[in-house]
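Below, chain A is the first sequence line, B the second, and so on; all start at residue 1. Quick caveat, the model's predicted, so the values are computed rather than measured.
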Amino acid sequence: MRRRDDGPAVDLGTRHYHRAMSDAPALHEQVLQRRANRQRMRALGLDPYGQRETGLCSLAEAKGAYDPGADEAYQKEGKTPGFADRRPERAVAGRVMLLRDNGKLIWMNLRDHTGDMQVAVSARDCASPGFDAAKLSDLGDIIIARGRLMKTKTGEITLWAGEIRPASKCLAPPPAKHEGLQDVELRYRQRYVDMWANPETMDVFFLRAKLITALRRFLDERGFVEVDTPVLQTLAGGAAARPFVTHMNALDIDLFMRVAPELFLKRLLVGGMPRVYEVARNFRNEGVDRSHNPEFSMVEVYEAFGSYDTMRELTESLLRSLARVVIAHRTGREPGAAEPLVLEFGGHAIDYARPFDVVTYGALFERALGFGLGDDGKVREAARARGLKTEGVDRLLLVQELFDEAEASIDPARPTFVIDYPAPLCPLTRSKTSDPSVAERFELFIAGMELANAYTELNDPDIQEAKFREQLGGIKDEEKTFRTIDEDFLNALRVGMPPAGGLGVGVDRAIMLLTGNSSIREVLLFPLMRPR
RNA sequence: GAGGGCGUAGCUCAGUCGGUAGAGCAGCGGACUUUUAAUCCGCGGGUCCGGGGUUCGAGUCCCCGCGCCCUCACCA
């Protein structure tokens, strides 16, 4: 039988180490040392991996429990016979971040998800074998400390340990204690190290969780029902994106992972749900960059008898309420009703309290390009000047190309709704009754990012079918494998879908904006990394 | 997909003109019961991302590859 300490090489945390493990029998000296310390703990009867504990409190709670009066009384009369020590006692657990061994008095700084706290372990006051456990602790170990709260002579709240127990050995040498883990690649690949070594990483994900909770609460309060629709689909519809394909053995069929929940959510309106939403993980088999990950989250919202106008109000209110959550998280207090809600992103101070800008597609185009999108001659001239092919190309397709410049002209610091797209560019959107050339659609741009997209949904099955077929006509052969008409969806429309507003918001992008991170990887716990 | 940058000790980083591979922290041995990035004395630690080339000699120059980051194009 193999001794536990000769066990298989676990991944101990660095690329160099990982590589060394695979072809060298000898472990790195620092790891060997940690294993040796673990063995010494066992020899003393300590379990380096701990046990269930009850009654632990967080480091922040422990610090908050400090009682100056009780501490002062102890300083004055602690040595008097019969003195009753009333300094609060707490038990905490955390990772050892700093270790100062003064011989018979050991200082350590523990860290948990609420912060750091100093613990003192004195040979005189700590029950055996706690002092030895402290002696054998390495940076990165998780330990449990129980003791009374006091202040050192320099005024730092400290837990004076009466008891120390190991809770988990850290066999991997931890990152530098002050710099933290700086290597971006390692931070993403080993998020479990990044999170405790860099508290700001932990903060982003706690804030992300709060924002998603707030998003749900916002929609719930407005009467939207959260639903779950299939991720594995026999047809990948709802967005013009390349899907991931997989295979189901039992039925011997190919399945697609969803690129959007849209077509299922609309079926629910047909079924009679008045307001639905889904926080949907979507999968798109496309490129990766700082705002795209192959799997990403979107919230899609549908409101029977709504329109793109109701969706616009909803979007603006939603972002405003999320901005409040961020500010409350940062400042520890709710911002007042009239207060600006300024969050910084990419060097821009964006005020979410101020009403968002609204501009029509046509007006924005004209403002940026200097002529109207209906001016066929000028559109073609401008397109040619930019090296685009123009012969036989529909004017509006050229307009769409030129519109990039219009988008770029939007003030990045001002959240801006671009509304009323040319109808031919949005075949699946309902046109204005008063002007069939205009589609009731908006996109929201903030800091140059497209954050939301909404429509007054098309609910005439014959028009929908005609547009589906028209769209399908112009696609490349390779796309035909996954772009087929969802006949059942058309059937649902024939059953009758109420007029509705529909909205999609990129959740990860919203989190980026609201938390001030310019890379989607910073707001995804485990972004996709190429395997090494 | 195109262009640019980066990859050196466990971590954070230096490394000049091509000439014996460095620092701080971490680690090891020792001292120390109020430290605060503890301090003091002593010691060990390298596949310079991988492969090839040029050269008497390559961490450094050239080529190929891998990974990550940035910019641009496309998808949200």
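Using a 4.0 Å heavy-atom distance criterion, Met449(A) is classed as making no nucleic acid contact. Counting any heavy atom pair closer than 4.0 Å across all strands shown, Leu139(A) reaches sugar-phosphate atoms only and no base atom. Within 4.0 Å of Arg521(A), counting heavy atoms only, lie sugar-phosphate atoms of the nucleic acid but no base atom. Among the protein residues, Asp404(A) comes within range of the sugar-phosphate backbone only, with heavy atoms under 4.0 Å from sugar or phosphate atoms but none that close to a base. Within 4.0 Å (heavy atoms only), Asn282(A) reaches no atom of the nucleic acid at all. If you check every strand for non-hydrogen atoms under 4.0 Å, Gly180(A) touches sugar and phosphate atoms only.
Rounding to whole angstrom units, CG of residue Asn293(A) and P of C74(B) are separated by 20 Å. The distance between atom CD1 of Ile511(A) and atom C1' of A76(B), rounded to the nearest whole Å, is 15 Å. Rounded to an integer number of Å, the gap from CG of Leu32(A) to P of G29(B) is 13 Å. Between the P atom of C68(B) and the CG atom of Asp289(A) lies a distance of 13 Å, rounded to the nearest Å. Across the protein-nucleic acid pair, Met108(A) atom CE and U34(B) atom P stand 16 Å apart, rounded to whole Å. When the P atom of C68(B) is taken as reference, atom CD of Glu185(A) falls 6 Å away, rounded to whole Å. Here the C1' atom of nucleotide C11(B) and the CZ atom of Arg187(A) are 15 Å apart, to the nearest Å. Remark: P of C13(B) and CG of Leu186(A) are 11 Å apart, rounded to the nearest angstrom.
Taking atom P in both G1(B) and G45(B), the straight-line distance is 44 Å, to the nearest Å. Using P as the reference atom, G24(B) and G44(B) are 14 Å apart when rounded to the nearest Å. Using atom P as the reference point in both C13(B) and C17(B), the two lie 23 Å apart (nearest Å). Nucleotides A23(B) and G65(B) have their C1' atoms positioned 32 Å apart, rounded to a whole Å. Rounded to a whole angstrom, the distance from the C1' atom of G46(B) to that of A14(B) is 15 Å. As rounded to the nearest Å, G22(B) and G5(B) have P atoms that lie 29 Å from one another. Here, U60(B) and G19(B) have their P atoms 11 Å apart, quoted to the whole Å. When the P atom is compared between C43(B) and G4(B), the two are found 47 Å apart, to the nearest whole Å.
Pair assignment for U55(B) gives none, since no Watson-Crick or G-U wobble pairing has each distance under 3.5 Å. In this structure, U39(B) and A31(B) make a Watson-Crick or G-U wobble pair, each of the two defining distances being under 3.5 angstrom. Pairing of A2(B), defined by two Watson-Crick or G-U wobble distances under 3.5 Å, is identified with U71(B). Look at G22(B): its Watson-Crick or wobble partner, with both distances under 3.5 angstrom, is C13(B).
Residue Arg290(A) places its side chain closer to U71(B) than to any other of U71(B), A76(B), U33(B). Taking the side chain of Lys104(A) as heavy atoms from C-beta on, and the options U34(B), U33(B), C70(B), the nearest nucleotide is U33(B). The side chain of Leu181(A) lies closest to U12(B) when the candidates are A76(B), U12(B), U34(B).
Every side chain to side chain donor-acceptor pair (under 3.5 Å) that Asn198(A) has, sequence neighbours left out, goes to Asp194(A). For Glu522(A), the side chain to side chain donor-acceptor pair (under 3.5 Å) partners two or more places apart in sequence, or in a different chain, are Arg187(A), Tyr188(A).
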- Item | Protein-to-nucleotide contact annotation, 5' to 3' order, nucleotides 37-44 of chain B [B base; S sugar-phosphate only; - none; under 4.0 Å, heavy atom] | BB-----B

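Annotation: of the two residues near RNA chain B, Val288(A) and Asn453(A), the 5′-most nearest-nucleotide partner is Val288(A). With RNA chain B read from its 5' end, the first of the two nearest nucleotides for Gln182(A) and Ala123(A) is the one closest to Gln182(A).
With rounding to the nearest 0.5 angstrom, the CD atom of Glu89(A) is 5.5 Å from the CZ atom of Arg146(A).
When the side-chain nitrogen and oxygen atoms of Gln33(A) are compared with OP1 and OP2 of G27(B), none of them lie within a distance under 4.0 Å. Applying the 4.0 Å criterion to OP1 and OP2 of G10(B), one finds that Arg34(A) has every side-chain N and O outside that range. At the phosphate of C68(B), OP1 or OP2 sits under 4.0 Å from a side-chain N or O atom of Arg189(A).
Between Phe365(A) and Phe403(A), the ring-plane angle classifies as parallel under the 30° and 60° cut-offs.
For the residue pair Asn37(A)/Arg34(A), the side-chain donor-acceptor check at 3.5 Å is not satisfied. Between the side chains of Arg441(A) and Asn453(A), a donor-acceptor pair is found at a separation under 3.5 Å.
In terms of modelled atom types and a separation under 3.5 Å, the side chain of Lys63(A) and the main chain of Asp116(A) share a donor-acceptor contact. Arg384(A) places no side-chain N or O within 3.5 Å of a backbone atom of Thr390(A) that could act as its donor or acceptor partner.
Partner Met117(A) forms a side-chain contact (heavy atoms from CB on, under 4.5 Å) with one of Leu159(A), Asp112(A), Asn109(A), Thr158(A) and no other, that one being Leu159(A).
Judged by the 6.0 Å distance and 45° axis criteria, Arg87(A) is positioned over the aromatic ring of Tyr74(A).
For Glu156(A) against U35(B), no side-chain N or O and base N or O form a donor-acceptor pair under 3.5 Å.
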